[in-house]
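Below is one structure, written out as structure tokens, with a few remarks after it.
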Amino acid sequence: MANDTRLSEKMTDKQYDTLSQLVYRHGGIHLGDNKKELVHARLNKILRKRGIEDFEHYINILKNDSSGDEVVSLLDAISTNVTHFFREKAHFDFLVETFKQAGVTGGLRIWSAGCSSGEEPYTIAITLLENFPNPRGEHFILATDLSTKVLSRAVTGVYPEKVISNIDHSLLKKYFLKGKNDNEGKVKLRKEVIKMVTFRRLNLIEPFRFDDKFDVIFCRNVMIYFDTETRQSITDKYYEALKPGGYLIIGHSESMNAFKHRFKYIKPTVYRKL
């Protein structure tokens, strides 16, 4: 195994460009020049853990990987996953108001694209359980992410207690179980919440293949990592994946003004397929 000095070797501009191209080609994520130190720090952990001599050797491993596992590991390391329960709460309020006004009681199909560690789709599940308690037909929530690492955590429904600090106490009692003994300091969602969500790895730059279309797609704070061309391509695919009248909800830090799309603007961050 190489020593720590070699493993801490700085990444050259050429190596960063090569890695950036690999990330863009396989994940659609655009890494600007200002991300070099972040990428170096995250990938250096992989090199240290696996005893890979330097970045040049790591790049060769990626290029010669026929299984695709190395690229998945690279994308896992690069992906930024920041989320929490009831993040941007106004979106969940909009969901309730819109479908209650439409007389919907059940059978909603919702996609959480870029679901990270699961807080968003589980928030959607809790919102539906609270507001549509007697559904005609079960709701279906699909949750997808590029990162296998966060999905493996999400599917368990287990979280540290600190992530639920902003949730109303009545919802905590109703939908969360407090850990004991070895699970002290953790909480777990109840089975009725977990069973509503189906987790799947999905790369947004690849074709979408779904049996049925969705009523709502949440894609919040995800498209900021893509360039304009990729955003337009993904947005076109979202349009096709929605039912007529379906909604696309994006993050407050995002905009769809820089490219052409077929959605009708409803209000900031909310768009509708006509």
Side-chain angles (χ1 to χ4, degrees), residues 38 41-42 44-46 48-49 72-73 75-97 108 110-133 135 138-202 216-222 224-225 249-254 269:
L38 173 68
R42 291 188 179 182
N44 206 35
K45 291 180 181 178
I46 294 178
R48 286 179 179 274
K49 183 177 181 179
V72 171
S73 177
L75 296 175
D76 276 357
I78 295 301
S79 301
T80 299
N81 297 284
V82 179
T83 186
H84 55 76
F85 285 96
F86 291 93
R87 185 182 189 186
E88 299 178 10
K89 185 177 178 296
H91 289 151
F92 304 103
D93 294 338
F94 172 82
L95 183 72
V96 172
E97 292 163 10
L108 288 172
I110 300 176
W111 177 14
S112 170
C115 69
S116 187
S117 45
E119 287 90 334
E120 178 178 274
Y122 286 138
T123 298
I124 295 169
I126 291 170
T127 300
L128 296 181
L129 286 168
E130 278 293 286
N131 293 280
F132 304 98
E138 290 188 8
H139 302 296
F140 173 76
I141 302 167
L142 174 67
T144 69
D145 202 275
L146 181 67
S147 171
T148 55
K149 185 166 56 177
V150 293
L151 288 172
S152 65
R153 295 205 304 267
V155 72
T156 67
V158 176
Y159 297 92
E161 280 188 352
K162 63 181 180 181
V163 308
I164 60 168
S165 59
N166 66 321
I167 302 178
D168 184 86
H169 184 66
S170 63
L171 295 181
L172 290 177
K173 288 183 66 177
K174 198 169 182 181
Y175 298 111
F176 291 84
L177 297 168
K178 197 167 184 177
K180 298 178 180 178
N181 301 323
D182 292 344
N183 291 312
E184 188 78 32
K186 297 178 182 178
V187 293
K188 182 171 183 175
L189 284 152
R190 292 185 181 273
K191 288 181 180 179
E192 62 263 36
V193 179
I194 294 175
K195 74 177 184 180
M196 290 180 66
V197 183
T198 298
F199 288 97
R200 184 190 307 170
R201 183 180 185 273
L202 187 144
V216 184
I217 297 174
F218 281 76
C219 183
R220 305 187 303 166
N221 309 301
V222 174
I224 53 174
Y225 299 106
I249 299 177
I250 64 174
H252 286 292
S253 62
E254 298 170 307
T269 71

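We're numbering straight along the sequence, starting at 1. Just the heavy atoms: all of them, side chains too, but no hydrogens, waters or symmetry mates, feed the values below. What you see is a predicted model; the values in this text were computed from it and never measured.
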(message) Give me the atom names and distance for the closest heavy-atom approach of Ala154 to Tyr122.
(response) O-OH, 2.8 Å
(message) Are the side chains of Thr269 and His252 in contact, using a 4.5 Å heavy-atom criterion?
(response) yes
(message) Within this structure, what is the NZ-CD1 distance for the pair Lys174 and Ile167, rounded to the nearest 0.5 Å?
(response) 14.0 Å
(request) To the nearest 0.5 Å, tell me how far Lys49 NZ sits from Asn44 CG. (result) 14.0 Å
(request) For Asp145 and Ser147, test the side chains for any donor-to-acceptor distance below 3.5 angstrom and give the result as yes or no. (result) no
(message) Once rounded to the nearest 0.5 Å, what's the spacing between atom CD1 of Ile249 and atom CG of Leu95?
(response) 6.0 Å
(message) Tell me which pairs pass side chain to side chain donor-acceptor pair (under 3.5 Å) where either residue lies in residues 183-193, with sequence neighbours left out.
(response) none
(request) Please report the shortest heavy-atom distance between Ala143 and Leu151, naming the atom on each side. (result) O-CD2, 4.5 Å
(request) Calculate, to the nearest 0.5 Å, the distance between atoms OH and CG belonging to Tyr175 and Asp168 respectively. (result) 11.0 Å
(message) If I compare all heavy atoms of Ile194 with all of Gly157, which pair ends up nearest, and what's the gap?
(response) CD1-CA, 4.2 Å
(message) If you define the side chain from C-beta out and look only at heavy atoms, does anything of Cys115 sit under 4.5 Å from Leu142?
(response) no
(request) Kindly determine whether Leu189 and Ile126 satisfy side-chain contact (heavy atoms from CB on, under 4.5 Å), including the steps that lead there. (result) CA-CA 10 Å; Leu189 284 152; Ile126 291 170; 4.1 Å; yes
(request) Mind listing the closest non-hydrogen atom pair of Ser152 and Lys149 along with its distance? (result) OG-O, 2.7 Å
(message) Looking at every non-hydrogen atom in both residues, tell me the closest pair between Val222 and Ala113 and how far apart they are.
(response) CG2-O, 3.6 Å
(message) Does the plane of the ring in Phe218 sit parallel, tilted or perpendicular to the ring in His91? Use 30° and 60° as the thresholds.
(response) perpendicular
(message) Contact between Glu138 and Met196 at the side-chain level, heavy atoms closer than 4.5 Å - yes or no?
(response) no
(request) Go through Ile110 and Leu128 one step at a time and tell me if the side-chain contact (heavy atoms from CB on, under 4.5 Å) criterion holds. (result) CA-CA 11 Å; Ile110 300 176; Leu128 296 181; 4.1 Å; yes
(request) Please examine the side chains of Trp111 and Leu202, heavy atoms only from C-beta on, and report whether any two atoms are closer than 4.5 Å. (result) yes
(request) Can you see which heavy atom on Phe199 is nearest to which on Pro121, and at what distance? (result) CE2-CG, 4.1 Å
(request) Could you walk me through whether Asn221 and Glu88 pass the side-chain contact (heavy atoms from CB on, under 4.5 Å) test, one step at a time? (result) CA-CA 11 Å; Asn221 309 301; Glu88 299 178 10; 3.4 Å; yes
(message) In terms of relative ring orientation, are Phe85 and Phe176 parallel, tilted or perpendicular, with 30° and 60° separating the classes?
(response) perpendicular
(message) Taking Arg220 first and then Glu120, would you say they form a salt bridge - that is, a charged N and a carboxylate O separated by under 4.0 Å?
(response) yes
(message) Are the side chains of Leu146 and Arg201 in contact, using a 4.5 Å heavy-atom criterion?
(response) yes
(request) First locate atom CG of Leu172, then atom OG of Ser170, and finally report the distance between them rounded to the nearest 0.5 Å. (result) 8.0 Å
(request) Check the pair Leu108, Val216 against side-chain contact (heavy atoms from CB on, under 4.5 Å), reporting the backbone distance first and the verdict last. (result) CA-CA 8 Å; Leu108 288 172; Val216 184; 5.8 Å; no
(message) Could you measure the distance from the CD1 atom of Ile250 to the CD1 atom of Ile217? Nearest 0.5 Å is fine.
(response) 12.5 Å
(message) Quick check against the 3.5 Å criterion: does Tyr159 have a side-chain atom that pairs as donor or acceptor with the backbone of Ser117?
(response) yes
